[in-house]
*Asks:* 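To start, I am sharing the structure in question, which I have written as structure tokens.
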Amino acid sequence: MKKILVVDNHPAMLKFMSNLLEKKGHHVLTAGDGLSALDILKTYIPDVIFIDLVMPNISGDKLCRIIRSMPKLKDVYLIILSAIAAEEKVDFYELGANACIIKGPFNKMSQHVLAALDQLDLGITLKLAGKIIELEDIHEREITKELLSSKRHLEAILRNLSEGILELTIEANIVYANQPAISLIGIPEEKLLASNFTELFHKTHRKRIKDLLGGIGEAPQTITDDSPVILNGKHFSLNILQVKDEEHKSIIVILDDVSERKRMEAQLKRAQKIEAIGTLAGGVAHDLNNILSGLISYPELLLMEIPEGSPLRKPILTIQKSGEKAAAIVQDLLTLARRGVAVTEVVDLNHIISESLKSPEYERLKSFHPDVQVETNLETDLLNILGSPVHLSKTVMNLVSNAAEAMPDGGKILISTENRYIDRPIRGYDNVAEGDYTTLSVSDTGVGISPEDMERIFEPFYTKKVMARSGTGLGMTVVWGTVKDNKGYIDIRSTEGKGTTFTLYFPVTRKEVAKDKSALSIEDYMGKGESILVVDDVEEQREIASIILKKLGYSVTSVSSGEEAVDYLKSNSADLLVLDMIMDPGIDGLETYKRILEFHPKQKAIMVSGFSETERVREAQRLGAGAYVKKPYLLKNIGLVVRDELDK
Amino acid sequence: MNFGKLAEDLGLEREEYLELIELFIETSMSDLDKLQSAIKEVNVEKAANAAHSLKGAAGSIGLMELSETAKEIEEKVRNDRLEETAEAAQTLKKKLGVIAELLRW
């Protein structure tokens, strides 16, 4: 007597098989589909299982695999009993089955079924494996082949979707999963099938899923990507719909992995926020910049007038220093406005780092944090990058100072540089595109950054520090702005309690670092009485420029608009124009220069502006204008440029 | 129709055979309903599946004539001649009805 399970969706087939087998004294149970079979197999361990291939609720081939993956059933004798086997070479051995019988008229089938069982008794199972018990007359091959190929066609489509598709019974047991669903959920098919969909989720999500499945009716139910469910560490949106045909209802679940989309959205939002605040800050900074010109330029002029040893020198020097400090903050703000980055030079990052580590600022930092060790590991043949040395050294210092402050009890900071070729995009805080990079990493062994802080770390004025001691609240924002202005990327790896590593990726340049100009004395750029026309709409600016240039030995005239300048030059001449780029109202620097060129085609000019080089500046330069000087300017800057241009 | 003879051909007891054929009729009626609605809806896949199931079951149980008719329907459906199958489906239904009637005796 054997214990036998027959699985087939045709009732007549089940009846025939149980009659046949019971008459031979076997104990027989039957199941109408794969899922019910698995239910029975929870408590019943048969010696032999007959399985039909084409069935609803877990097909025969999948059922075979599931059974073979269950340790307690690994020795059961599996016989496939199918009509398909006649048309299609079924690789039943690959399915884990021991034999395969082709369906046909009952009289033939009973012979084959009994023969298969006899062979099992004789222990010649191995001999049987590999051989399909054939029918003498096989009809209709072609037709069923078509049926099979259309099924396979559908399966190919399902396999290549990006969404995971599951079919569930009304009780939420999984009876079908396409390939993407299996890999998204991360559970092998033989475990996934017949398991309960709700149980896949963490306890806290189950009620939500249950409610969703419970609410299913005519209308589909959804979990949108606004509040996705988490499964296998990924965020999913769900679409759940009911399908009905004459005999059974089932539920289709469409799983859409929205993790990536969510991440991109968050990244974009973050960048937009920093940009928006940065633009605002930049706008304010631009106005401040003009006001500061007075504070920086006048002390310099005053100091030239006041004799050495005057008691006034010290307070005036203090005013000048304060002005320069304020200008530095304004520069930070302008960096954020992204238009404010003045200089792009070929830079050796190693040089920047070693200079920064010699700076007084660094010494002060060391004295605040005596227990912090700083080590460097710099690549010897580091490739150059394009950037602003001032901002880059600020970036280094800001990162080092943050690292030091993350270690109140002391620790180690490692500054390293590396040439790196990124051959496939990295997905981290930023998405790093493919290319050649010079990287700067600053690691600490400090407290780490919480995920909430990580979200906002680059926002202006988002600080965890004591403002008075540590700075402006703009440090990290400057880091961000600097990296973005250099078309670079940022990656942050942080573990709370373990430490943080910032890695900045800068695209390399193949240009060489320009040699430093030797220091110049004022004699090198003194004027020789040449005439200069200053065009600026702001009165103080005109005055500062006039005083400086007169000091340098030029003959200076000034006008307050582009139109005035054009008029003036119709009846006068000037060796050089000092043109403000942005004048409001009225025509701007470029337009002014264009109009003057119409009647003075060789007119020399330099340009000044609070903002950085713009397309309009470059256009003026194409027309023949000379260098560009950023406000607020020092005597030396403008003196050099004016001299250069006149000497051309 | 001689059920005794059919049973004998398949190596089955008459009583057993009658039981099986009753199950067959029941399932096949539902397959046939499916087939007819599929023909109406012009759903090729569904019609072919229903005809295929009918063909197989009828063959198993020794009702070769029914099996042949179902086979013809399946072939036509597969060859884009769905509209020509309505009559054959009706014939199948009638035949099944006749067998069901006979069984009651």
Side-chain angles (χ1 to χ4, degrees), chain A residues 8-24 30 32 52-56 81-87 101-114 135 137-154 243-248, chain B residues 5-38 41 43-64 67-68 70-80:
Chain A
D8 197 301
N9 64 323
H10 205 293
M13 196 59 209
L14 290 177
K15 188 73 209 168
F16 161 74
M17 286 293 285
S18 47
N19 284 353
L20 175 70
L21 296 168
E22 273 165 3
K23 253 187 261 164
K24 297 285 172 190
T30 60
D52 184 20
L53 283 182
V54 184
M55 290 186 295
L81 189 57
S82 171
I84 284 189
E87 283 92 10
I101 296 173
I102 293 164
K103 276 188 187 171
F106 286 143
N107 53 340
K108 306 258 165 161
M109 258 196 298
S110 45
Q111 286 171 23
H112 293 308
V113 166
L114 297 176
L135 273 177
D137 48 347
I138 297 165
H139 307 290
E140 307 132 19
R141 271 175 192 255
E142 287 313 311
I143 295 160
T144 321
K145 251 189 195 155
E146 270 179 61
L147 185 87
L148 286 170
S149 83
S150 97
K151 181 171 176 262
R152 242 185 252 119
H153 179 66
L154 278 177
V243 286
K244 261 190 269 185
D245 60 26
E246 283 79 357
E247 43 193 84
H248 67 297
Chain B
K5 173 79 169 50
L6 279 168
E8 199 180 312
D9 284 351
L10 291 174
L12 297 169
E13 299 291 324
R14 186 187 154 87
E15 282 313 307
E16 191 186 355
Y17 183 75
L18 288 178
E19 203 178 0
L20 287 173
I21 206 165
E22 212 164 323
L23 282 169
F24 163 77
I25 298 279
E26 214 173 284
T27 319
S28 299
M29 279 299 186
S30 107
D31 274 341
L32 207 56
D33 285 344
K34 237 185 273 178
L35 175 62
Q36 286 186 316
S37 71
E41 298 159 14
N43 183 337
V44 173
E45 189 66 35
K46 189 174 159 189
N49 282 331
H52 184 74
S53 170
L54 271 167
K55 178 192 72 183
S60 291
I61 211 142
L63 302 174
M64 296 323 287
S67 182
E68 278 301 313
K71 180 189 158 191
E72 276 163 31
I73 293 175
E74 190 187 355
E75 272 170 359
K76 278 187 180 162
V77 170
R78 290 275 164 209
N79 291 318
D80 287 330

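Just so it is clear: chains get the letters A, B, ... in the order the sequence lines come, proteins before strands, and each one is counted from 1.
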*Asks:* With a 6.0 Å cut-off (strictly less than), is the heavy-atom count around CD of B:Glu13, excluding the residue itself, greater than 12?
*Replies:* no
*Asks:* Could you look at B:Leu12 and say if it's the side chain, the backbone, both or neither that has a heavy atom under 4.5 Å from chain A?
*Replies:* side chain
*Asks:* Closest approach of A:Ala12 and B:Leu20, non-hydrogen atoms and distance?
*Replies:* O-CD2, 3.1 Å
*Asks:* When you compare the side chain of B:Tyr17 with that of B:Glu8, does any pair of heavy atoms fall below 4.5 Å?
*Replies:* no
*Asks:* Considering only heavy atoms, which portion of A:Leu14 lies under 4.5 Å from any heavy atom of chain B: side chain, backbone, both, or neither?
*Replies:* neither
*Asks:* Which atoms of B:Glu19 come close to chain A, meaning under 4.5 Å heavy atom to heavy atom: side chain ones, backbone ones, both, or neither?
*Replies:* side chain
*Asks:* Answer yes or no: is there an ion pair linking B:Glu16 with A:Lys23, defined by an N-O contact shorter than 4.0 Å?
*Replies:* yes
